[in-house]
2 protein chains.
Amino acid sequence: MRDPLSRTFAALADPTRRAILAKLSEGEANVSELAEPFLDDMTLPAITKHLKVLESAGLISKGRKAQWRPCQLNGEPLREAVDWMEQYRSAWEDQLDRLGAYLKSKHKGARHGREK
Amino acid sequence: MRDPLSRTFAALADPTRRAILAKLSEGEANVSELAEPFLDDMTLPAITKHLKVLESAGLISKGRKAQWRPCQLNGEPLREAVDWMEQYRSAWEDQLDRLGAYLKSKHKGARHGREK
DNA sequence: CCTATATTACACCAATCGGTTAATTAACGG
DNA sequence: CCGTTAATTAACCGATTGGTGTAATATAGG
């Protein structure tokens with residue numbers, strides 16, 4: 001079994017699952033409601049599986065109301081994923097800055113030192 | 001082939017690859033430098049493969065300096081990944097707030113307003 | 001040219017992933 | 001009790017993943 005962060009990212013690495021999360025960000029929804037937009041492309045068990053991935057990554061939690069399973073967004077893992085990224089934000093922003101500078105210098109023929 | 005966002009998240013869904021990115025956030029490094037911390041656990045070709053995943057997700061780019069391939073962090077996909085998450089930040093923060101409130105109320109049975 | 005170093009390519013393997021169909025469970029409502 | 005609706009389980013399949021070992025390639029330098 002993988003570490004939580006890996007599971008979170010793995011769960012996010014699928015457009016269907018991201019769309020499900022997007023939908024859930026608007027509020028609770030049960031399985032068939034979540035499945036509906038995808039039923040042209042895949043069957044219900046496929047959705048069940050996706051939900052299981054999301055659930056075991058802790059990104060959603062399922063309740064039960066009669067025969068329905070109302071699903072709910074679970075923010076914590078998302079926060080941790082963003083936290084991991086933010087940790088390196090300055091580094092990759094520097095890189096983006098250098099890229100921007102470089103692209104600029106290509107226009108002007110300017111010099112751009114970069115030693116280390 | 002998958003969409004860029006999925007590729008980014010998939011690339012992040014592995015602790016080795018995240019560690020490589022973390023290292024690169026401190027500056028350029030060539031393949032063997034990046035591999036060194038992992039050589040107890042896996043071989044060099046495994047690292048090459050991880051780098052290829054990162055590269056084809058656009059997260060790093062490889063240069064060439066003699067027989068070395070200096071790797072460099074590439075911020076753009078990370079920014080896009082964070083952007084995707086931020087899009088739903090308010091939704092999952094609301095959820096975290098409700099969770100916090102709930103946990104609080106379990107202790108105090110107190111009321112706690114928090115509306116947008 | 002020869003050799004050492006750095007890195008990649010190739011062929012293979014087991015495990016996981018994303019999907020299917022068919023059967024099953026669970027709960028409601030007449 | 002029966003039929004319907006909601007959702008899951010199970011068995012299966014092909015493709016991808018993450019690793020291996022071995023061979024090949026590229027470059028520097030004597």
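A, B, ... follow the sequence lines: proteins, then strands. Residue 1 opens every chain. Hydrogens, waters and symmetry mates are skipped; everything else that's a heavy atom, side chains included, is used. What you see is a predicted model; the values in this text were computed from it and never measured.
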Rounded interatomic separation in angstrom, taking [atom1] from [X] and [atom2] from [N]:
| X | N | atom1 | atom2 | value |
| --- | --- | --- | --- | --- |
| A:Met42 | C:dT21 | CE | P | 13 Å |
| A:Arg17 | C:dC17 | CZ | C1' | 8 Å |
| A:Asn30 | C:dA26 | CG | P | 19 Å |
| B:Glu33 | C:dA6 | CD | P | 10 Å |
| A:Lys49 | D:dA7 | NZ | P | 18 Å |
| B:His50 | C:dT8 | NE2 | P | 14 Å |
| B:Glu36 | C:dT7 | CD | P | 13 Å |
| B:Asp14 | D:dT16 | CG | C1' | 14 Å |

For [Y], is there any backbone N or O sitting under 3.5 Å from a side-chain donor or acceptor partner on [X]?
| X | Y | value |
| --- | --- | --- |
| B:Glu36 | B:Glu33 | no |
| A:Ser56 | A:Lys52 | yes |
| A:Arg17 | A:Ala10 | yes |

From the options [options], select the nucleotide whose nearest atom is closest to the side chain of [X].
| X | options | result |
| --- | --- | --- |
| A:Ala66 | D:dA6, C:dC28, C:dG18 | C:dC28 |
| A:Trp68 | C:dT8, C:dT20, D:dA6 | D:dA6 |
| B:Arg64 | D:dT27, C:dC28, C:dT21 | D:dT27 |
| B:Thr43 | D:dT8, C:dC12, D:dG21 | D:dG21 |

Please figure out whether B:Gln67 or A:Gln67 has its closest DNA chain C nucleotide nearer the 5' end.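 Closest to the 5' end, via its nearest nucleotide, is B:Gln67.
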Within the structure shown, what part of the strands sits under 4.0 Å from [X] by heavy-atom distance: base, sugar-phosphate, or nothing?
| X | value |
| --- | --- |
| B:Leu44 | base |
| B:Lys62 | sugar-phosphate |
| A:Ala46 | base |
| B:Ser32 | sugar-phosphate |

Please confirm whether the shortest side-chain N or O distance from [X] to OP1 or OP2 of [N] is below 4.0 Å.
| X | N | value |
| --- | --- | --- |
| B:Thr48 | C:dT8 | yes |
| A:Arg2 | C:dC17 | yes |
| B:Lys52 | C:dA9 | yes |

Do B:Thr8 and A:Phe9 come within less than 4.5 Å of each other through their side chains, counting heavy atoms only?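 They are not in side-chain contact.
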Charged N to carboxylate O below 4.0 Å: is that the case for A:Arg18 and A:Asp14?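 Here A:Arg18 does not pair with A:Asp14 in a salt bridge, since their nearest N and O are not under 4.0 Å apart.
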